[in-house]
Amino acid sequence: MFTSLQGRSAIVTGGSKGIGRGIATTLATAGVNVLVTARSQTELDATVSDLSGQPGRVSGLRADVTNPEDCRRAVETVVEQNGGLDIVCANAGIFPSGKLEELTPEDIDQVLAVNFKGTVFIVQAALSALAASGHGRVIVTSSITGPITGYPGWSHYGASKAAQLGFLRTAAMELAAKQITINAVLPGNIITEGLIEMGQEYMDQMAAAIPAGRLGSVADIGHAALFFATDEAGYITGQTLVVDGGQILPESNQALAEA
Ligand SMILES: NC(=O)c1ccc[n+]([C@@H]2O[C@H](COP(=O)([O-])OP(=O)(O)OC[C@H]3O[C@@H](n4cnc5c(N)ncnc54)[C@H](OP(=O)(O)O)[C@@H]3O)[C@@H](O)[C@H]2O)c1
């Protein structure tokens, strides 16, 4: 039995859609008061309204993770609203596709700015509030793409997702004495607005490559994040948890076919 998280306070970046919204839903269902951040006010409003019936209070704030000032404002807002900050879910991310020979310096900068630097900025902004909590938790949404697998068109994206893990391992050491843990969830292919934009053909071929026989749900990721947020996970830091229905396991197409 896990200790209740009722009344804890969280930020979920990129919480207006997809995986972030799934994490926010899982936390709010567990009684955590959640501030979701994103750039689109319309989508933030829709998410806040949809999650209004949960045990945890959900609010929204426009904030761009590429801007350290926005990250500081998000932390100030959540501390003001909820009286502190216990959990940071560094989830905001983008995954534009581009083959190596076509990638511009701007394409690379943009992906690293949101996925990697955005993760660092929100964690930096939250450090003193997390230390004050006495049981601070950082949960990073990385990916199997980059840290474990490759996919043509995503060299820059894969690098940004691996960069999050390089950051996490040293950050875990720096934060341990403050009783703050930092861990990452590595999703496989999860049905989100972002994934749906890749098209039905992409989704069908990915589902066929997953031993579990289905794409993941945002709740699958939400539950993994919730585990890292618990008091009982307090001795786990600097670690990664793959949540992919077994997608990274087959050694070959034949191995998958024989399963
Ligand atoms: N879906 C998958 O299969 C999958 C697999 C592995 C890893 N992931 C990772 O999961 C995370 C979420 O992906 P998703 O599929 O849920 O994507 P999504 O449906 O496109 O949602 C992305 C969220 O991030 C926000 N966002 C984007 N750029 C931002 C910025 N500069 N500042 C603040 N918020 C920003 C978006 O809102 P605005 O656009 O309004 O800002 C939105 O709330 C990403 O880190 C991604 O790399 C996804």
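Order of listing sets the numbers, starting from 1, for every ligand and every atom in it. Below, each value reflects all heavy atoms present in this structure, side chains not excepted, and no hydrogens, waters or symmetry copies.
- The residues R62 and D70 are annotated as not salt-bridged, no charged nitrogen and carboxylate oxygen being separated by less than 4.0 angstrom.
- Among K117, E43, K17, the residue whose heavy atom lies nearest to atom 36 (C) of ligand 1 is K17.
- Relative to atom 34 (N) of ligand 1, the option among P187, A92, S16, G216 with the closest non-hydrogen atom is A92.
- The closest side-chain donor-acceptor pair between E106 and Q110, if any, does not fall under 3.5 angstrom.
- Atom CD of E201 has 12 or fewer heavy atoms from other residues, nucleotides or ligands within 6.0 Å.
- Of the protein's non-hydrogen atoms, the one nearest atom 14 (P) of ligand 1 is T192 OG1, 3.7 Å.
- Ranking the protein heavy atoms by distance from atom 17 (O) of ligand 1 puts F95 CE2, 3.7 Å first.
- Nearest protein heavy-atom neighbour of atom 32 (N) of ligand 1: V65 N, 3.0 Å.
- Considering backbone and side-chain N/O atoms, T37 never comes within less than 3.5 Å of an N/O atom of ligand 1.
- Each of the atoms 18 (P), 19 (O), 20 (O) of ligand 1 lies under 4.0 Å from some heavy atom of G194.
- The closest heavy-atom contact to atom 7 (C) of ligand 1, among the options G93, S142, C89, A74, comes from S142.
- Of all protein heavy atoms, the one lying nearest to atom 48 (C) of ligand 1 is I19 CD1, 3.4 Å.
- In this model, a donor atom of one side chain and an acceptor atom of the other lie less than 3.5 Å apart for N189 and Q247.
- Relative to atom 30 (C) of ligand 1, the option among K161, R39, M206 with the closest non-hydrogen atom is R39.
- In this structure, atom 31 (N) of ligand 1 lies nearest to the protein heavy atom D64 OD1, 2.9 Å.
- Nearest protein heavy-atom neighbour of atom 6 (C) of ligand 1: S143 OG, 3.3 Å.
- Atoms of ligand 1 lying under 4.0 Å from at least one heavy atom of S40, given by number and element, are 40 (O).
- Residues I180 and T237 share a closest heavy-atom pair of O-OG1, 4.3 Å.
- No hydrogens or angles considered: nothing links the side chains of Q54 and T25 as a donor-acceptor pair under 3.5 Å.
- Of all atoms in ligand 1, numbered sequentially from 1 with element shown, those under 4.0 Å from a heavy atom of E193 are 19 (O).
- In this structure, L195 is part of the shell of residues with a heavy atom less than 4.0 angstrom from ligand 1.
- Note on ligand 1: E197 sits outside its first shell, no heavy atom being nearer than 4.0 Å.
- For a threshold of 3.5 Å applied to N or O pairs, the pair formed by I144 and ligand 1 contains no separation below that value.
- Side chain to side chain, N82 and R57 meet the donor-acceptor criterion of an N or O pair below 3.5 Å.
- Side chain to side chain, D45 and T42 fail the donor-acceptor criterion of an N or O pair below 3.5 Å.
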>> Determine whether R72 and E69 satisfy the following criterion, salt bridge (Lys or Arg N to Asp or Glu O under 4.0 Å), listing intermediate values before the conclusion.
In response: CA-CA 5 Å; R72 278 192 286 274; E69 189 45 50; 3.1 Å; yes

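- Of all the atoms in ligand 1, the ones that sit under 4.0 Å from a non-hydrogen atom of T141 are 9 (C), 10 (O), 11 (C), 45 (O).
- Taking 4.0 Å as the cut-off, A113 does not count as a neighbour of ligand 1 on heavy-atom distance.
- When the shell of 6.0 Å around CD of E102 is examined, it contains more than 12 heavy atoms from other residues, nucleotides or ligands.
- Looking at R214 and D220, a side-chain N of the basic residue comes within less than 4.0 Å of a carboxylate O on the acidic one, giving a salt bridge.
- Around the CE atom of M198, the shell of radius 6.0 Å holds more than 12 heavy atoms that belong to other residues, nucleotides or ligands.
- M206 and V185 end up in different hydrophobic clusters when Ile, Leu, Val, Met, Phe, Trp and Tyr side chains are linked at under 4.5 Å.
- Atoms of ligand 1 found under 4.0 Å from any heavy atom of N189, numbered from 1 in the order shown, are 3 (O).
- At least one heavy atom of N91 sits under 4.0 Å from some atom of ligand 1.
- Looking at T66 next to ligand 1, no N or O pair under 3.5 Å apart turns up.
- Summarising the contacts of atom 2 (C) of ligand 1 with L186, I94, D70, I190, the nearest heavy atom is found in I190.
- Looking from atom 46 (C) of ligand 1 to the surrounding protein, the closest heavy atom is Y157 OH, 3.6 Å.
- Heavy atoms from other residues, nucleotides or ligands lying under 6.0 Å from CG of N253 number 12 at most.
- Summarising the contacts of atom 33 (C) of ligand 1 with A63, G14, G18, G20, the nearest heavy atom is found in A63.
- Near G188, meaning under 4.0 Å from any of its heavy atoms, are these atoms of ligand 1: 3 (O), 4 (C), 5 (C), 6 (C).
- Defined by atom type and a distance below 3.5 Å, a donor-acceptor pair is present between the side-chain atoms of D86 and H135.
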